[in-house]
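Please read the structure below before turning to the comments.
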Amino acid sequence: MQVAVVTFDGFNELDSFIASALINRCRIDGLEAFITTPTAVVTSMNGVEVTGQRPMEFVTEADVVLIGSGVKAREVAADDELITKLQIDPSRQLIGAQCSGALVLASLGLLQGMPVCTDSKTRPFVEGRGIRVLDEPFHAEGNIATAGGCLASQYLAAWVITRTLGKDAAQDVLDYVAPIGENQETVERAMRAIHGAGVALH
């Protein structure tokens with residue numbers, strides 16, 4: 001199973017890298033994430049240059065597509081040429097958005113009245129599109145999920161792992177990366193967030 005972590009110019013490092021790093025701890029179980037970019041190299045909001053692992057066309061074949069956020073998210077959401085390259089389908093793929101990535105989902109017409117989670121700076125722009133924003137870190141309906149706040153990317157990753165490999169795999173990853181002495185509360189908090197969003201924990 002392959003995950004496209006869509007990463008645009010001006011991206012937030014925490015959003016793209018936390019999700020991809022957590023998911024890639026499941027490589028041995030057949031789940032692997034790839035930084036997927038519209039150009040060969042993208043530059044983060046803090047000037048970090050990253051070479052994409054997969055081109056944008058990869059989103060059509062990926063089993064999971066996560067739309068990252070960044071300081072240019074509004075530009076991306078308004079770029080019709082770029083949006084048309086995102087040929088994704090929630091009937092056959094898991095689709096998630098981190099923070100301002102919700103604007104991209106809105107431009108793709110995927111939200112269908114669904115409320116979303118996003119960051120505080122993006123919130124007014126999402127609401128300006130007539131979309132309800134929740135005061136929560138994570139929300140999922142069917143095969144679409146959104147996360148709000150950089151560190152909520154762990155919830156998005158946990159959702160992906162739970163939906164593809166099961167609850168135990170997600171808990172194992174979270175336990176491994178948790179701050180020492182905070183393992184149980186870290187795991188419980190994350191699983192509570194995604195379970196509260198209606199995700200079956202099996």
Side-chain angles (χ1 to χ4, degrees), residues 3-8 10-23 33 35-36 44-46 64-78 83 86 88 90 93-163 170 173-174 177-179 182 185-201:
V3 181
V5 180
V6 180
T7 303
F8 301 105
F11 72 95
N12 183 316
E13 300 95 333
L14 292 173
D15 295 347
S16 289
F17 294 155
I18 289 176
S20 61
L22 293 181
I23 291 167
I35 299 296
T36 302
S44 78
M45 60 190 293
N46 293 306
V64 182
V65 179
L66 301 182
I67 310 293
S69 73
V71 294
K72 297 183 179 180
R74 280 184 287 157
E75 297 172 35
V76 170
I83 291 297
L86 288 169
I88 54 180
Q93 296 170 303
L94 295 179
I95 297 170
Q98 177 68 43
C99 291
S100 57
L103 289 171
V104 176
L105 292 191
S107 292
L108 288 167
L110 296 177
L111 297 177
Q112 304 291 323
M114 171 183 168
V116 301
C117 299
T118 190
D119 62 280
S120 58
K121 288 187 177 180
T122 304
R123 181 171 188 152
F125 300 103
V126 174
E127 292 178 329
R129 291 179 175 232
I131 299 167
R132 184 162 65 97
V133 176
L134 302 172
D135 290 317
E136 300 170 8
F138 180 83
H139 180 73
E141 291 185 15
N143 287 345
I144 298 177
T146 55
C150 299
L151 295 182
S153 52
Q154 65 183 297
Y155 302 153
L156 201 56
W159 173 73
V160 169
I161 298 168
T162 298
R163 287 291 306 272
V173 169
L174 291 165
V177 302
E182 298 180 3
E185 63 185 276
T186 298
V187 172
E188 289 179 350
R189 181 173 58 247
M191 301 314 288
R192 186 168 57 246
I194 64 174
H195 180 58
V199 178
L201 302 180

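Formation of a donor-acceptor pair under 3.5 Å by the R132 side chain with backbone atoms of M114 is not found in this model. Counting only distance, with no hydrogens or angles, the side chain of E182 and the backbone of P179 share no donor-acceptor pair below 3.5 Å. Remark: the backbone N or O of G70 is paired with a side-chain donor or acceptor of S100 at under 3.5 angstrom. Between the T146 side chain and the C117 main chain, a donor and an acceptor come within less than 3.5 Å of each other. A donor-acceptor pair is defined here as one N or O able to donate and one able to accept, closer than 3.5 Å; no such pair exists between the side chain of T122 and the backbone of D119.
Side-chain contact between L66 and V3: present, with at least one pair of heavy atoms (C-beta onward) separated by less than 4.5 Å. With contacts defined as side-chain heavy-atom distances shorter than 4.5 Å, the pair P115/E136 does not qualify. In this structure the side chain of F8 reaches within 4.5 angstrom of the side chain of I67, judged on heavy atoms. Within the 4.5 Å cutoff, the side chain of T186 has heavy atoms near those of the R189 side chain. Side-chain contact between F17 and V5 is absent, with no heavy atoms from C-beta onward closer than 4.5 Å.
Put simply, CD on Q93 and CD1 on I88 are 6.5 Å apart, with the number rounded to the nearest 0.5 Å. Going from atom CD1 of I35 over to atom OG1 of T7 covers 4.0 Å, rounded to the nearest 0.5 Å.
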Using side-chain contact (heavy atoms from CB on, under 4.5 Å), reason through M191 and T162 one step at a time and then give a plain yes or no. CA-CA 9 Å; M191 301 314 288; T162 298; 3.8 Å; yes

Before you tell me yes or no, could you show the steps for L22 and L156 under side-chain contact (heavy atoms from CB on, under 4.5 Å), namely the whole-Å CA-CA distance, both residues' side-chain angles and the distance that decides it to 0.1 Å? CA-CA 10 Å; L22 293 181; L156 201 56; over 6 Å; no

Determine, stepwise, if the pair C150 / N12 fulfils side-chain contact (heavy atoms from CB on, under 4.5 Å). CA-CA 8 Å; C150 299; N12 183 316; 3.2 Å; yes

Give the C-alpha distance, both sets of side-chain angles, the deciding distance and a yes or no for side-chain contact (heavy atoms from CB on, under 4.5 Å) between I95 and L110. CA-CA 9 Å; I95 297 170; L110 296 177; 4.2 Å; yes

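Between W159 and F138, the two ring planes are tilted [angle within 30° to 60°].
For CZ of R74, the number of neighbouring non-hydrogen atoms (other residues, nucleotides, ligands) closer than 6.0 Å is 12 at most.
For the 3.5 Å distance criterion, the side chains of S44 and E13 qualify, holding a donor opposite an acceptor. Side-chain atoms of S107 and R129 form a donor-acceptor pair, as typed in the model, at a separation below 3.5 Å.
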